[in-house]
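These notes are about the structure you will find just below.
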Amino acid sequence: MAASPIEETTIVAVATAPGRGGIGVVRLSGPQALSIAQSIARIEKLTPRHAHYIVLHDETGARVDDAVLTYFAAPHSYTGEDVVEIATHGSPVVLDWLVRAAIAAGAQPARPGEFTERAFLRGRLDLTQAEAVCDLIDAQTLGQAQQAAAQMGGSIAAAVRPVKQALVELIAALEAGIDFAEDDLDTLPATEIATRIAALLSPLQQLLTSFAHGRVLREGLRLAIVGRPNAGKSSLFNRLVERDRAIVTATPGTTRDVIAERISMGGVPVELLDTAGLRETDDEAERMGVARSREAMAEADAVLLVLDASSNDGAFERDTLQSLHGRPVIVAHNKMDLLRASDVPSMLSNLAALNEVAAQAHVRTSATTGDGIAELREALLRVAHAGAEVAGTATLTNLRQRDAVRRAVDAATRAHAATAVATPHEMLLLDLYEALRALDELTGETTADDVLNLIFSTFCIGK
């Protein structure tokens, strides 16, 4: 493993969130964790995995606080080292005193992510599990927490493990055929090699496909709400965020800038972007708003196109949808409450024409009465969860993971193609070894120090 050696030092940090709280925890990890904790707590014997009630005193003997001390003996701890956790009342003054007392007794302040880094270096976690610890801490929705928990449980490693095993077995068979050629050892035929590589590629390609959903669940879905002025974009925006966030008037062009609001929808964080109405205008402020609307539309993960059902402009609708070809788009036919009975045939005809232009869904809504809002939420949920059925339990959640699997897929694909043109096994092995290295980097079995430093530096202190 290309990683920094494990330092024989003992580290200390407050493991709970900054500020006041009912409980605060100071964590020690390292070879001196037990002796330092015993000197602070003035207790001679600690039983592993047992909670010990203690009274903390300062150097003068004055009582500081009651506490509960728990000792986890190596290797049965979070970091794989001796770990002691001291739980006190959540006073920053008491917690700071504890940390300073531990440092005075020989501990060193922990760097951000150093506890989890030590857990990784001692083999308690693989790299994808370590990344999931940070994701779980940062989770803002239940869906994000569930995804991080699955990854902490080793879902990615479990998905990759049989692929790596089959890859190693194939490499060993090809190496043996080369090394013992003089002993008339049978070599694998090209058809069998191709079949075995194809079997490797299938789960890797599925895992690579999971990134689209994993990224959305981890980072959130950006949804741009666009349309012509006075189509009801801001009214639908307010309905979705369930409060009057955007100003709504009967005057077209009220919205001049992009208004953003973050909500949770089915466990997925969704950032709604209310935009200025799309039209040509001589008003400089509105023109700048329209430009920002087009930027938001281009950068968003998905688009909600709001149309005025009582005043359809077929050319605008078709042109806008065609400009969004290949993007996730939902069309809301708004102001259905204003539609006269005589207008229904025309509206349905226009809807049929629009259906010929790709869109995920067409929903009839009324921001005024609330009709169709539930159906609109369901349509948005389908977009937010697109790819979930492909992702399964193992889901790639960041670019580092996606890049590692992509390189493995590319290398295996090259090897598979090479079997059809009688490529020497020595050349096939180059690609197969590259695929294996990429999978090792995914789980952290071979990872450069600078990558590790980048990952763990994003953690909070105490974790």
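One-based numbering along the sequence shown. Bear in mind that the values here come from a model prediction, so they are computed numbers and not experimental data. Hydrogens, waters and symmetry mates play no part in the numbers below; they use all other heavy atoms, side chains included.
The structure places OG1 of Thr365 at 12.5 Å from CZ of Arg377, a figure rounded to the nearest 0.5 Å. Going from atom OG1 of Thr128 over to atom CD of Gln401 covers 6.0 Å, rounded to the nearest 0.5 Å. Put simply, CG on Asn334 and OG1 on Thr368 are 7.5 Å apart, with the number rounded to the nearest 0.5 Å. Here Lys233 contributes atom NZ and Asn230 contributes atom CG; the two are 8.0 Å apart, rounded to the nearest 0.5 Å. The line from CG of Leu127 to CD of Glu117 is 10.0 Å long, rounded to the nearest 0.5 Å. Here the CG-CG distance, from Leu174 to Leu429, works out to 5.0 Å after rounding to the nearest 0.5 Å.
With Thr116 contributing its side chain and Gly113 its backbone, the two residues share no donor-acceptor pair below 3.5 Å. A distance-only check finds a donor-acceptor pair linking the side chain of His52 to the backbone of Thr47 [under 3.5 Å]. A side-chain donor-acceptor contact under 3.5 Å links His50 to the backbone of Pro48. Put simply, the side chain of Thr275 gets close to the backbone of Ile225: a donor and an acceptor are under 3.5 Å apart. Using a distance-only test at 3.5 Å, with no hydrogens or angles considered, no donor-acceptor pair links the side chain of Arg118 to the main chain of Thr79. For the pair Gln38 (side chain) and Glu44 (backbone), a donor-acceptor distance under 3.5 Å is present.
Put simply, the side chain of Lys164 reaches to within 4.5 Å of the side chain of Glu445, judged on heavy atoms. Contact of the Ile137 side chain with the Lys463 side chain is registered, since non-hydrogen atoms from C-beta on lie closer than 4.5 Å. You'll find the side chain of Asp403 stays beyond 4.5 Å of the side chain of Arg400, heavy atoms only. Annotation: side chain of Leu221 is not in contact with side chain of Met265 (no heavy-atom distance under 4.5 Å). When side chains are defined from C-beta on, Pro269 counts as touching Gln144, because their heavy atoms get closer than 4.5 Å. Between Asp337 and Asp371, every side-chain heavy-atom pair lies at or beyond the 4.5 Å cut-off. Within the 4.5 Å cutoff, the side chain of Val12 has heavy atoms near those of the Val26 side chain. Side-chain atoms of Arg161 and Gln165, non-hydrogen and from C-beta on, never get closer than 4.5 Å to each other.
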Mind running side-chain contact (heavy atoms from CB on, under 4.5 Å) on Leu380 and Leu240 for me, showing each step along the way? CA-CA 10 Å; Leu380 294 174; Leu240 291 172; 4.0 Å; yes

For Thr397 and Glu131, what are the C-alpha separation, side-chain angles and deciding distance, and is it a side-chain contact (heavy atoms from CB on, under 4.5 Å)? CA-CA 9 Å; Thr397 57; Glu131 289 171 318; 5.9 Å; no

Start with the C-alpha gap between Val83 and Thr70, add the side-chain angles, then the distance that decides, and say whether side-chain contact (heavy atoms from CB on, under 4.5 Å) holds. CA-CA 8 Å; Val83 169; Thr70 310; over 6 Å; no

Show your working on side-chain contact (heavy atoms from CB on, under 4.5 Å) between Ile461 and Val14 and close with a plain yes or no. CA-CA 7 Å; Ile461 293 176; Val14 178; over 6 Å; no

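His57 NE2: more than 12 foreign heavy atoms inside a 6.0 Å radius. Few gaps surround CZ on Arg262; more than 12 heavy atoms of other groups in view lie less than 6.0 Å from it.
Here salt bridge (charged side-chain N to carboxylate O under 4.0 Å, His left out) pairs that include residues 214-226, with residues two or more places apart or in two chains, are Asp135-Arg218, Arg215-Glu219, Arg215-Asp301, Arg222-Glu271. Counting only residues at least two apart or on different chains, no salt bridge (charged side-chain N to carboxylate O under 4.0 Å, His left out) pair has a member in residues 45-57.
Taking the ring centre of Phe211 as origin, the terminal cationic atom of Arg406 falls outside the region bounded by 6.0 Å and 45° from the ring axis.
Considering every non-hydrogen atom in both Ala13 and Phe115, the closest pair reads CB-CE1, 3.9 Å. The shortest non-hydrogen separation linking Ala159 to Ala394 is CB-CB, 3.7 Å. When every heavy atom of Leu200 is checked against every heavy atom of Ala166, the shortest pair comes out as CD2-CB, 3.4 Å. The shortest heavy-atom contact between Val25 and Thr16 is N-OG1, 3.1 Å. Here the closest non-hydrogen pair linking Trp97 and Asp58 is CZ2-CA, 3.7 Å. The two atoms that bring Thr395 and Ile156 nearest to each other are O-CD1, 3.5 Å, heavy atoms only.
Ser77 and Tyr71 form no side-chain donor-acceptor contact under 3.5 Å, judged by distance and modelled atom types alone.
Qualifying salt bridge (charged side-chain N to carboxylate O under 4.0 Å, His left out) partners for Asp66, counting only residues two or more places apart in sequence or in other chains: Arg63.
For the side chain to side chain contact (heavy atoms under 4.5 Å, CB included) with Leu95, the qualifying choice from Thr88, Asp65, Ile86 is Thr88, the only one to do so.
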